[in-house]
Protein chains: 2
Amino acid sequence: MEEVLQKPNINTTPIELMPDFRFAQSVDCVIFGYDGGEIKVLLIESDLPAYKGQWSLLGDVLHPDEDLDHASYRVLQERTGLSNMFLEQVKTFSAVNRHPAGRVITTAYLALVNVKDYQLQRQEHSLHWHSVSEITTMAFDHKLILDTCLLALKKKIQEEPIIFNLLDKKFSLRQLQQVFEAVLGIEFDRRNFRKKLFTTGMLKDEHEMETDVHHRPGKLYSFNPAAYEKIKGNSFVGLQF
Amino acid sequence: MEEVLQKPNINTTPIELMPDFRFAQSVDCVIFGYDGGEIKVLLIESDLPAYKGQWSLLGDVLHPDEDLDHASYRVLQERTGLSNMFLEQVKTFSAVNRHPAGRVITTAYLALVNVKDYQLQRQEHSLHWHSVSEITTMAFDHKLILDTCLLALKKKIQEEPIIFNLLDKKFSLRQLQQVFEAVLGIEFDRRNFRKKLFTTGMLKDEHEMETDVHHRPGKLYSFNPAAYEKIKGNSFVGLQF
DNA sequence: ACAAAAGTGTTGCTGGTACACCCATGT
DNA sequence: ACATGGGTGTACCAGCAACACTTTTGT
């Protein structure tokens, strides 16, 4: 502790004394979708010799003239053709030996897309949707990143109305409930689920019915962001330890 | 979209094609303390010409042989002499022009320390505690980082029992309540607060009383992590939109 | 005696949970 | 007719919010 005053500090050290700029920075996107009653993630087969044949997240290096949000959005657009998807930074991973090419720091982004929208685009043959529950190993530290983002997703859908990004604009209450159940791995009582969702005021009745369904069709709803804006931030109290 | 197949991907591109390693990576620690009924943050005066005289977070560049958690812990140890403080990654900031020395990506860490422990250490004369509410401008994008970490703190103390890191090992219920109130900026009913905290089972009665207090002394308690382990993860249900 | 904060219970309200029956549609 | 899921209401319970008086200590 005696040398405390001599330690360099990036915020107080003149430019000419700054250490070398020797790190690479990348983004990796954990792109979740919902299909066939399961949560899926979009992966690509790694071509790196060290991880030949293993699955990897979609990522890219950061360009010199863009920030991380921009880079992750660019990756999503280039790979899926989608725009305006939900995209949010989750965590940065920096283990010393996490990348065989050298010191690459990566920032993980959580993305939610509608698998149907994606399927309308020209697809790279090397990209595939994988059931999250069936993935055991991945290239690099990507399994750790996936697990971290899945946990973030579970937490986040209970705090903010982002789950609608996984569904069509119009959806039935059954579909909505099933996505919740798939993400959280638990089941809800149907009646209580409906009550709860209605009381939030977030559901807009589209006055349409399901079609192509082999039973009594349900009503279709859409997410009403305006109603959510009113109720959000409604007392942040209640110390929920 | 036609060139999708030609886009490089850091996870699939062979090593010899990897873009240059030209970024600097740093950590910045938002070190919160509680003193005089207020939340404080530990800052240093910036010596960089561009930000001469402005206040800056404590940070350092990442060393080649360490990860970000290690770097942030090192900064804390070197600057405050403390060990085993609460320390957690919050977010990575990457605006293109955020640092005058070049392309420096920084990862913000939230740290909670007991101001009294810190005061026992040899202090750098250039470090000072500032009331969070009085800070208006800072060097770099540090005001943005501070605001982000303060928001994270508000959220986090309602989800996990981390607030005890701001207090002595033994504390009175009044002290505990006042820290909550200082962080959240709201007031609680004293009776309800006590009830709520007791029902969590997290408070261990130390069978001691406050001293040096100019009124009837209160009982002292400590945080019981074992009790918390039992109740945490107690149903993650209740879609709290 | 006074000031300051400790300590303590009850009531009403709100929201969560558990639970069962009839209805509409397709086969 | 049967299978599948849509749509609805009630009763109980737990947790939160509002609220006032007595006790202990220091000055």
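Proteins come first, then strands; the chains are lettered A, B, ... in the order of their sequence lines, and each starts at number 1.
- Rounded to an integer number of Å, the gap from CE of A:Met209 to P of D:dG5 is 16 Å.
- Dashed line: the shortest gap from a side-chain N or O of A:His214 to OP1 or OP2 of C:dT25 is not under 4.0 Å.
- B:Asn192 has its CG atom 11 Å from the P atom of D:dC19, to the nearest Å.
- In this model, no side-chain donor or acceptor of A:Arg216 finds a partner on the base of D:dT4 within 3.5 Å.
- For the pair B:Gln175 CD and C:dA6 C1', the interatomic distance rounds to 13 Å; values are reported in whole Å.
- Between the CG atom of B:Asp212 and the C1' atom of C:dA5 there is a distance of 16 Å, rounded to whole Å.
- For the residue pair A:Gln89 / A:Thr107, no side-chain donor-acceptor distance below 3.5 Å is found, with atom types taken as modelled.
- Along DNA chain C, the nucleotide nearest A:Asp189 and the nucleotide nearest B:Lys195 are compared for position; the residue whose nucleotide lies closer to the 5' end is B:Lys195.
- Dashed line: the shortest gap from a side-chain N or O of B:Arg194 to OP1 or OP2 of C:dG7 is under 4.0 Å.
- Crowding of B:Glu206 atom CD: a count of heavy atoms from other residues, nucleotides or ligands under 6.0 Å exceeding 12.
- Rounding to whole angstrom units, CZ of residue B:Phe188 and C1' of D:dA18 are separated by 15 Å.
- Spacing between atom CD1 of A:Ile186 and atom C1' of C:dT17 amounts to 13 Å, rounded to whole angstrom units.
- Side chain A:Arg190 to base D:dG7: a donor-acceptor pair is found below 3.5 Å.
- Using a 4.0 Å heavy-atom distance criterion, B:Lys219 is classed as a sugar-phosphate-only contact.
- Counting any heavy atom pair closer than 4.0 Å across all strands shown, A:Arg174 reaches sugar-phosphate atoms only and no base atom.
- Listed pair B:Lys196 / D:dG15 fails the phosphate criterion, with no side-chain N or O lying under 4.0 Å from OP1 or OP2.
- The aromatic ring centroids of B:Phe86 and B:Phe164 lie 6.0 Å or more from each other.
- In this structure, A:His215 does not reach the C:dA24 phosphate: none of its side-chain N or O atoms is under 4.0 Å from OP1 or OP2.
- Taking the ring centroids of A:Phe171 and A:Phe223, they lie at or beyond the 6.0 Å cut-off.
- Judged by atom type and distance alone, B:Arg191 does not reach the base of C:dA6 through any side-chain donor-acceptor pair under 3.5 Å.
- Aromatic ring centres of A:Trp55 and A:His142 lie farther apart than the 6.0 Å criterion allows.
- One atom, CD of B:Gln177, and another, C1' of C:dA5, lie 12 Å apart when rounded to the nearest Å.
- Along DNA chain C, the nucleotide closest to B:Glu210 and the one closest to A:Pro217 are compared, and the more 5′ of them pairs with B:Glu210.
- Atom-to-atom, CD of A:Glu187 to P of C:dT17 comes out at 15 Å; the value is rounded to the nearest Å.
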